[in-house]
Protein chains: 2
Amino acid sequence: MPAEISGLRMTRQRWEVYRLLMEQRDHPTANDVFIRIKDRLPNISLATVYNCLEALVQHGVIRQVNFERESSRFCPNLEEHGHFHDKRSGTIHDVTFKPGVNLADVLNLPPGTLITDIEITLRGELPVS
Amino acid sequence: MPAEISGLRMTRQRWEVYRLLMEQRDHPTANDVFIRIKDRLPNISLATVYNCLEALVQHGVIRQVNFERESSRFCPNLEEHGHFHDKRSGTIHDVTFKPGVNLADVLNLPPGTLITDIEITLRGELPVS
DNA sequence: ATAGAAATTAGAATTATTCTTGCACGGTCG
DNA sequence: CGACCGTGCAAGAATAATTCTAATTTCTAT
């Protein structure tokens, strides 16, 4: 376990939460993490899972993703990307931009606007194939 | 008051909620609407405000907008647009696309993907000027 | 080793939203 | 005109995700 990641001091709990997200990149909720992590940390509390996730988010190590008013989900992909929610399967998929596309360029914003964060979420159905 | 809008039968409460949203386009929350509408409907209940907003959303008459995990906000602008949240003032602004831009075209999605809904939210600061 | 700081735990508290129940209203059909 | 019926409304209870609190444990630096 590294001593820290992006300036965030690692603890056993933070490390296991982080590791779990890196290994299972299916955008779990805090509760999903709580359930899954019990194998490794049987005594962890849900509040700690929330604390760890928040710490990781605030240090830019993971991203928090919201769909409508559902539970927040967490994503270790730091590339600029959006999320597609497949209604059929309920799964969530990362969506990247085509090369050379800068989202700010295609929006009408007052010149000088400072954008600190962009969130793109799509809902629909993936092809059946 | 029209008998119905987009197939939704109008009632006094639904009409006043709708009218309020059309007149004050600052993305109020359900509770904001509840407070503001008391001038006209002193006896309306918060549950009814929620019911009316839900009915209007489901009939496509208004849109529900979510920022992080804050209370949902409601928006009568049916044009395709995103939302910019100005950290300085806390206000929310509609953001349109530059002409000719189709968001689906700039994203990497499996061919045949059906998109039913897109949500774009930006956070940042508007220029001081 | 030890003091002080930070993290964890367990459970209570909070907040937005939804649900439940009983009542009121509007329209319809005799 | 009056009983009926479906829908909407009001009030408050219930729910669910998240945050907070207080007490304990673990770290870190000295």
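The nearest whole Å value for the distance from the CD1 atom in A:I44 to the P atom in C:dG11 is 16 Å. Between A:F34 atom CZ and D:dA17 atom C1' the separation is 14 Å, expressed in whole Å. Rounded to whole Å, the distance from CD on B:E70 to C1' on C:dT14 is 16 Å. The CG-C1' distance, from B:N51 to C:dA16, rounds to 14 Å in whole Å. Distance CZ (A:R12) to P (D:dT28): 15 Å, rounded to an integer number of Å. Rounded to a whole Å, the CH2 atom of A:W15 is 18 Å from the C1' atom of C:dA7. Summarising the geometry, the separation between CD on B:E68 and C1' on C:dA16 is reported as 16 Å, rounded to the nearest angstrom. Across the protein-nucleic acid pair, B:Q58 atom CD and D:dT7 atom P stand 15 Å apart, rounded to whole Å.
Once rounded to the nearest 0.5 Å, the distance linking CG of A:L109 with CZ of B:F84 reads 6.5 Å.
Dashed line: the shortest gap from a side-chain N or O of A:R14 to OP1 or OP2 of C:dA7 is under 4.0 Å. Side-chain N/O atoms of B:Q13 include one lying less than 4.0 angstrom from OP1 or OP2 on D:dA10. Residue A:S72 places at least one side-chain N or O closer than 4.0 Å to OP1 or OP2 of D:dT18. At D:dC9, none of the side-chain N or O atoms of B:S45 fall inside 4.0 Å of OP1 or OP2 (strictly under the cut-off). Side-chain nitrogen and oxygen atoms of B:Y50 include at least one within less than 4.0 Å of the OP1 or OP2 phosphate oxygen of C:dT17. Applying the 4.0 Å criterion to OP1 and OP2 of D:dC9, one finds that B:T11 has a side-chain N or O inside that range. In this structure, A:R69 does not reach the C:dA16 phosphate: none of its side-chain N or O atoms is under 4.0 Å from OP1 or OP2.
Toward the 5′ end of DNA chain C lies the nearest nucleotide of B:N66, the other residue of the pair B:N66 and B:R9 mapping further downstream.
Nucleic acid contact for A:N43: sugar-phosphate only, since backbone atoms but no base atoms lie under 4.0 Å from a heavy atom of the residue.
Listed nucleotides: C:dT8, D:dT18, D:dC27. Nearest to the side chain of A:S71: D:dT18.
Counting only distance, with no hydrogens or angles, the side chain of A:R14 and the backbone of A:T11 share no donor-acceptor pair below 3.5 Å.
Relative ring orientation between A:H81 and A:H83 is described as perpendicular, the plane-to-plane angle rising above 60° on a 0-90° scale split at 30° and 60°.
No hydrogens or angles considered: nothing links the side chains of A:Q13 and A:T48 as a donor-acceptor pair under 3.5 Å.
Of all heavy-atom pairs spanning A:F67 and A:R73, the tightest one is CD1-CD, 4.3 Å.
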